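Input: a single structure, listed below in structure tokens.
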Protein chains: 2
Amino acid sequence: MRRSSPSISDVARAAGVSMGTVSNVLNGTVRVSPATRARVEAAIRELGFVRNGVARSLAAGRSSTLGFVIIDLANSYFLDIARGAEKEAGRAGLNLLLANSDMSEEKQRTYVDLFVEDRVAGILVAANHGSTHDLHRSAPGVPLVVVDAPGDHSDVCSVVPDNELGGYLAATHLVEQGRRRLLFAGTTELVPVRDRLLGVERAVAEHPGVVLEVEQTGNVQVEDGRRVGDDIVLRDPRERPDAVVAAADLLAVGVQQSLLLSSSLRVPDDVAIIGYDDNRAAWDSAVPLSTIRQPGEAVGREAVRLLLEELETGPEAHRHRLVTCEPRLVVRASTAGTS
Amino acid sequence: MRRSSPSISDVARAAGVSMGTVSNVLNGTVRVSPATRARVEAAIRELGFVRNGVARSLAAGRSSTLGFVIIDLANSYFLDIARGAEKEAGRAGLNLLLANSDMSEEKQRTYVDLFVEDRVAGILVAANHGSTHDLHRSAPGVPLVVVDAPGDHSDVCSVVPDNELGGYLAATHLVEQGRRRLLFAGTTELVPVRDRLLGVERAVAEHPGVVLEVEQTGNVQVEDGRRVGDDIVLRDPRERPDAVVAAADLLAVGVQQSLLLSSSLRVPDDVAIIGYDDNRAAWDSAVPLSTIRQPGEAVGREAVRLLLEELETGPEAHRHRLVTCEPRLVVRASTAGTS
DNA sequence: TTGTATGCGTTATCAA
DNA sequence: TTGATAACGCATACAA
């Protein structure tokens, strides 16, 4: 039994050919006669040869893998982005490896550094808004694209979903369903939430007679939503909104739970509710939730495209830019009725 | 501006020392005089040198990264495993890279192959039960551990949660809460579910007077649970279970939703419900769900430990084995009352 | 179509 | 403590 795995030169010797020939049949770029090809392939099989990607990328000076540093894998949105990125990468013959930075900027740096050291072909980073400052400085020479947050435009490309449009779509939908008193719930501490609210405001402004109220929440989790719901339940009917735009699905689920448990208000009859994200975590609410679906796959796809573009164009000829992806309205039961 | 990133020899020239010296300050294994160290470090900073991990692992003949091929990243359990694995790997100075096989055995193979080609130090594979046959054959030379499914014991190590124990814990808890008519819901097509049922049966057998009924479901999703709940609601009170052991959290959520919507049965007063997995997707049910928490982090940790063991012992001296991790009962409101 | 030889950027061995 | 140099396994340019 051999100690280390066989190399190309072992294969060459076994097949009675040169290393170059073995390399040629492996890569298929240069023509090789069927006869020798067969001999080489037989030797490869016999020896159980597996090509060494490390030596490969060292010699070739390029790698065929992309690295994706993800801030929150528990969020299905980022998984969708990863899927989109993976597909687009596959089209270009590249593989996508993931690293979980788990909300930690330190781990984010560590993994970016790792990918840089490993000289991957390119790096994707899903980061927090505001934490993308010097990401590019960690990656000199390796193209890097910031995903889901606007990066420093002069140094990196970035891809973001159009949150303003999403808010607009949500509010417009509710108004078209006949709703007139809208309540927006969320915390405007978060930049994406702020953008969503802007879109809601634009939609409301387009429809005279429609009023909008904003309720700040501490966070955008289920418990925050429950508080919003409890508040609505306690109100005088004349003060009550007939529709809620939640800044996130979990928030919407909380609102819904609260209304349902109170048994006094029905969804959507009395209050329509729309969420945001189309998060898997909210797919199973009692009343199926209308929502704005994040363009996760598109974000991932576009990010890889930008990476490939930079890869082909070369670092200096490349102009960094921001690409925006459009979210989509998904109508389910929670807004389906007419008021 | 330089075309490619500076190498050790560039640094050596700039610092007026030899490559070996630079390598020594980089790795810190050999003593270097403070003076030259300072000169080298200055040159490194000045040139923006980043060490080349590819050449590094080629020359050293070893890599410091582990690869984890994950079957379903959308399931928070696997993310927990990844976290546990990452921590343990970190302790050994290794990095963990993830690949999403997304339920596809083909992608699983592809990524295992990729990791083998890249000569990672070791590979973790979270696989489907039954699909682990020839995984080791794809990875000659690279230690591979099967996670969450029993691998072919003679070829690989594997780590699994103790599903039988989990079932036992769940049923015992319910019996201790005074429940006497247990209903187990799930599909015994799935091996893990079958094991959980075995544990439930053992617990029931230990308590004369307690009866158990098994209701097969098509799958273990929320909708399957709703059907189970609907069935319970329609039953004659004397035929009705006072406790449900669901084979999975989502199933339990479905049961709960159905009972709650019916408004005729209360949880846990009339029917206690316990789930399985402690899946994040079920954290926000209306009545907080008691459950059996999967030992995700432990599974990941043990998997890496087995890998390290095989790495140190060497392939031939190493005996492959199966490690089992114990799940834990988590009591929340859905079983907290007394019947 | 196939063989030969050089270099990729490091580590590691052996001298100095 | 430091310097010189041979691998590591492959791609690739060039020669045959």
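None of the values given here were measured: they were computed from a predicted structure. Note on naming: letters A, B, ... go to the chains in the order of the sequence lines (proteins, then strands), and numbering restarts at 1 for each one.
In this structure the side chain of A/Val50 never reaches within 4.5 angstrom of the side chain of A/Ser5, judged on heavy atoms. Between A/Val25 and A/Thr36 there is no side-chain heavy-atom pair separated by less than 4.5 Å.
In this structure, A/Ser33 reaches the sugar-phosphate backbone alone: every heavy-atom distance under 4.0 Å involves primed, P, OP1 or OP2 atoms, never a base. Using a 4.0 Å heavy-atom cutoff across all strands shown, B/Leu58 reaches at least one base atom of the nucleic acid. If you check every strand for non-hydrogen atoms under 4.0 Å, B/Thr36 touches sugar and phosphate atoms only. No engagement by B/Val54 is indicated, since no non-hydrogen atom pair under 4.0 Å with the nucleic acid exists. Within 4.0 Å of B/Arg37, counting heavy atoms only, lies no atom of the nucleic acid at all. Nucleic acid contact class of A/Gly20 (heavy atoms, under 4.0 Å, all strands): base.
The span of DNA chain D lying next to chain A, judged by atoms under 4.0 Å from heavy atoms, is bounded 5' to 3' by D/dG9 to D/dT12. In summary, contact between chain A and DNA chain C, defined as any nucleotide atom under 4.0 Å from a heavy atom of the protein, begins and ends at C/dT1 to C/dG9 in the 5' to 3' direction.
A salt bridge does not link B/Arg83 with B/Glu86: every distance from a Lys NZ or Arg NE/NH1/NH2 to an Asp or Glu carboxylate oxygen is 4.0 Å or more. Ion pair B/Glu117/A/Arg51 flagged as a salt bridge, since at least one NZ, NE, NH1 or NH2 atom sits closer than 4.0 Å to an Asp/Glu carboxylate oxygen. In summary, A/Glu302 and A/Arg305 engage in a salt bridge, as defined by a charged side-chain N under 4.0 Å from a carboxylate O.
Closest heavy-atom contact between A/His318 and A/Thr313: N-CG2, 3.8 Å. Nearest heavy-atom pair, B/Val116 versus B/Pro140, reported as atom, atom and distance to 0.1 Å: CG1-CD, 4.5 Å. Heavy-atom minimum distance, A/Ile123 versus A/Phe115: CD1-CB, 3.6 Å.
For the residue pair A/Ser101/A/Ser104, the side-chain donor-acceptor check at 3.5 Å is not satisfied.
A rotation axis mapping the C1' atoms of four pairs onto the next four is fitted at both ends of the helix from C/dT1-D/dA16 to C/dA16-D/dT1 over five pairs, and the angle between these axes is 40° to 10 degrees.
Dense packing is recorded around CZ of B/Arg91, with more than 12 heavy atoms of other residues, nucleotides or ligands lying under 6.0 Å away.
Considering B/Asp148, B/Val299, B/Leu322 in turn, B/Leu322 is the only one that fulfils the side-chain contact (heavy atoms from CB on, under 4.5 Å) rule with B/Val160.
Place B/Ala35 and B/Arg119 on DNA chain D by their nearest nucleotides, and B/Ala35 ends up nearer the 5' end.
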